[in-house]
Chemist: 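My questions will all concern the structure given below.
Computed from a prediction, not measured in an experiment: that's the story for all the values here. Chain identifiers are assigned alphabetically (A, B, ...) following the order of the sequence lines, protein sequences preceding nucleic acid strands; residue numbering begins at 1 within each chain.
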2 protein chains.
Amino acid sequence: MIFSKTFGYALRGILYIALMQDEKRFVQIEEMAQKLGVPRHFLGKIMKRLVKEGMLLSVKGPYGGYTLSDATLQMPLLRLEDLTDGLGTFNNCVLRLRACNATNPCPLHFQMERIKGDLRRVMETTTIADLLHKDKKEFINSIATYEFDGSMLENEN
Amino acid sequence: MIFSKTFGYALRGILYIALMQDEKRFVQIEEMAQKLGVPRHFLGKIMKRLVKEGMLLSVKGPYGGYTLSDATLQMPLLRLEDLTDGLGTFNNCVLRLRACNATNPCPLHFQMERIKGDLRRVMETTTIADLLHKDKKEFINSIATYEFDGSMLENEN
DNA sequence: TGAATAAAAGACATCGTTGTCCTTTATGGT
DNA sequence: ACCATAAAGGACAACGATGTCTTTTATTCA
């Protein structure tokens, strides 16, 4: 499936935080989980991890929550993938053969190196900020899980 | 990681069988597992599945084992991927959003549709037979797991 | 018919991912 | 100081992918 669920939750979480920065300094996990339709405690674990890795800032207590810096907005998606899924997709043989390389290629080596190269390029050259340029409401819909029928988020903002 | 271990084992198993067809009518699971460096019983399960799906033929008892038809050699890799991993990679949003599509795209939709399209094309247009054209010994090395130093398979054939 | 061989079948174990729950720690407001 | 809030931390559960083991079924050969 290319990415883990963890990566998906992490990216959507970060995007949601980024999107809310003009409204509030900190976003709470509860709000994120509800708006995104994601398991609350699992998302909490992921966020904690990202905080530890310096990708997010967190503040405990009332009015606390998560926030992110401009530096994070400029990070390539590859960095996030590294923190969640690791880079096995790019560093390992698709058939997981240890000895596979250009001089001793597995049967799929060259075809897949091309694909992996293309994918890596996207992940390297696309930043968090690059994903953000859109109408805010529409954007939130596009990262929420449920089948959106136009009625759910309208009255919250 | 793009493909599961199961897919890798399945493909390598099929390729090994295909490669042995000029020497013996049937290939035994024991031999496959040893030569490929793959867990024997797990490989057995996978082969059983492929037999049930019509991709392989099996015969029980002495001199029995697995064999495959020319039709199988002409099958695209996508068919094997479907039987093992399913086609979620192509049919689902990379972020697993149910509502994601061209008119309501997730933030990664268009970049990833391109990658997925490229990958799908490779899997659709490449057949088992396409992977086979090589020196036999060299080819077996290329699908064996261990780090090959030139000494391991030499005395077996 | 009996013995050996090999796949099929199914029970069970391990492990990583995903997910839940409860307790602890930090912070802000009163 | 006390209370409420919210993240951090850790224990544990559920599940699917992966892997092992034993029994059953089919086939060959003598």
Chemist: For residues 71-89 of chain B, which residue pairs pass the salt bridge (charged side-chain N to carboxylate O under 4.0 Å, His left out) check, not counting sequence neighbours?
Modeler: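 Found none.
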
Chemist: Pairs in or reaching into residues 93-131 of chain B: which pass ring pair (Phe, Tyr, Trp, His ring centres under 6.0 Å), with residues at least two apart or in two chains?
Modeler: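 Listed by first then second residue: nothing to list.
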
Chemist: Among residues two or more places apart or on two chains, list those pairs meeting salt bridge (charged side-chain N to carboxylate O under 4.0 Å, His left out) that have a residue in residues 52-78 of chain B.
Modeler: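 Residue pairs with at least one partner in residues 52-78 of chain B: there are none.
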
Chemist: What ring pair (Phe, Tyr, Trp, His ring centres under 6.0 Å) pairs are there with at least one residue in residues 79-105 of chain A, not counting sequence neighbours?
Modeler: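 Qualifying pairs, neighbours excluded: none.
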
Chemist: Would you jot down, in residue-number order, the residues of residues 42-49 of chain A having a non-hydrogen atom under 4.0 Å from DNA chain D?
Modeler: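 Heavy-atom contacts with DNA chain D come from A:Lys45, A:Lys48.
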
Chemist: Residues in salt bridge (Lys or Arg N to Asp or Glu O under 4.0 Å) with B:Lys24, at least two apart?
Modeler: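 Residues passing salt bridge (Lys or Arg N to Asp or Glu O under 4.0 Å) with B:Lys24: B:Glu31.
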
Chemist: Checking contacts here: which listed nucleotide (C:dT18, C:dG19, D:dT20) is nearest the side-chain heavy atoms of A:Thr6?
Modeler: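 Of the candidates, C:dT18 comes closest.
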
Chemist: Please work out which residues in residues 82-97 of chain B have a non-hydrogen atom less than 4.0 Å from an atom of DNA chain D and list them by number.
Modeler: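 Under 4.0 Å from DNA chain D: no residue of residues 82-97 of chain B.
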
Chemist: Between C:dC22, D:dT18, D:dC21, which nucleotide gets closest to the side-chain atoms of B:His41?
Modeler: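 So the nucleotide nearest the side chain must be D:dC21.
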
Chemist: Please confirm whether the shortest side-chain N or O distance from B:Tyr9 to OP1 or OP2 of D:dG19 is below 4.0 Å.
Modeler: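 It does, given that an N or O in the side chain of B:Tyr9 lies less than 4.0 Å from OP1 or OP2 of D:dG19.
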
Chemist: According to salt bridge (Lys or Arg N to Asp or Glu O under 4.0 Å), who are the partners of A:Asp22, at least two apart in sequence or on a separate chain?
Modeler: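 A:Asp22 satisfies salt bridge (Lys or Arg N to Asp or Glu O under 4.0 Å) with A:Lys136 once adjacent residues are dropped.
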
Chemist: Of the candidate nucleotides C:dA7, D:dA7, C:dG19, which contains the atom at the shortest distance from the side chain of A:Arg40?
Modeler: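 Of all the options, the side chain of A:Arg40 is nearest to D:dA7.
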
Chemist: Return a single string for nucleotides 23-30 of chain C, one symbol per nucleotide in 5' to 3' order, where B is base contact, S is sugar-phosphate-only contact and - is none, cutoff 4.0 angstrom on heavy atoms.
Modeler: --BBBSS-

Chemist: From D:dA7, D:dG19, D:dT18, pick the nucleotide closest to the side chain of A:Ser58?
Modeler: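 Selected nucleotide: D:dA7.
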
Chemist: Does anything in residues 115-127 of chain B pair up under salt bridge (charged side-chain N to carboxylate O under 4.0 Å, His left out), and if so which pairs, sequence neighbours excluded?
Modeler: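 Listed once each, the pairs are B:Glu113-B:Lys116, B:Arg114-B:Asp118, B:Asp118-B:Arg121, B:Arg120-B:Glu124.
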
Chemist: Got a sec, which residues hit side-chain hydrogen bond (donor to acceptor under 3.5 Å, both in side chains) with B:Thr125, two or more places apart in sequence or on another chain?
Modeler: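 Counting only residues at least two positions away or on another chain, B:Thr125 forms no side-chain hydrogen bond (donor to acceptor under 3.5 Å, both in side chains).
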
Chemist: Base, sugar-phosphate alone, or nothing: which one does A:Phe26 contact when heavy atoms must sit under 4.0 Å apart?
Modeler: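 Counting heavy atoms under 4.0 Å across all strands, no contact is made by A:Phe26.
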
Chemist: Side chain of B:Arg12, backbone of B:Ile143: donor and acceptor closer than 3.5 Å?
Modeler: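 Side chain of B:Arg12 to backbone of B:Ile143: a pair is present.
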
Chemist: Which nucleotide sits closest to the side chain of A:Lys52: D:dG9, D:dA7, D:dG19?
Modeler: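 The answer is D:dG9.
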
Chemist: Going by the ring pair (Phe, Tyr, Trp, His ring centres under 6.0 Å) test, which pairs reach into residues 37-87 of chain A, not counting sequence neighbours?
Modeler: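 For residues 37-87 of chain A, and leaving out neighbouring residues, the ring pair (Phe, Tyr, Trp, His ring centres under 6.0 Å) pairs sorted by first residue read A:Tyr9-A:Phe42.
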
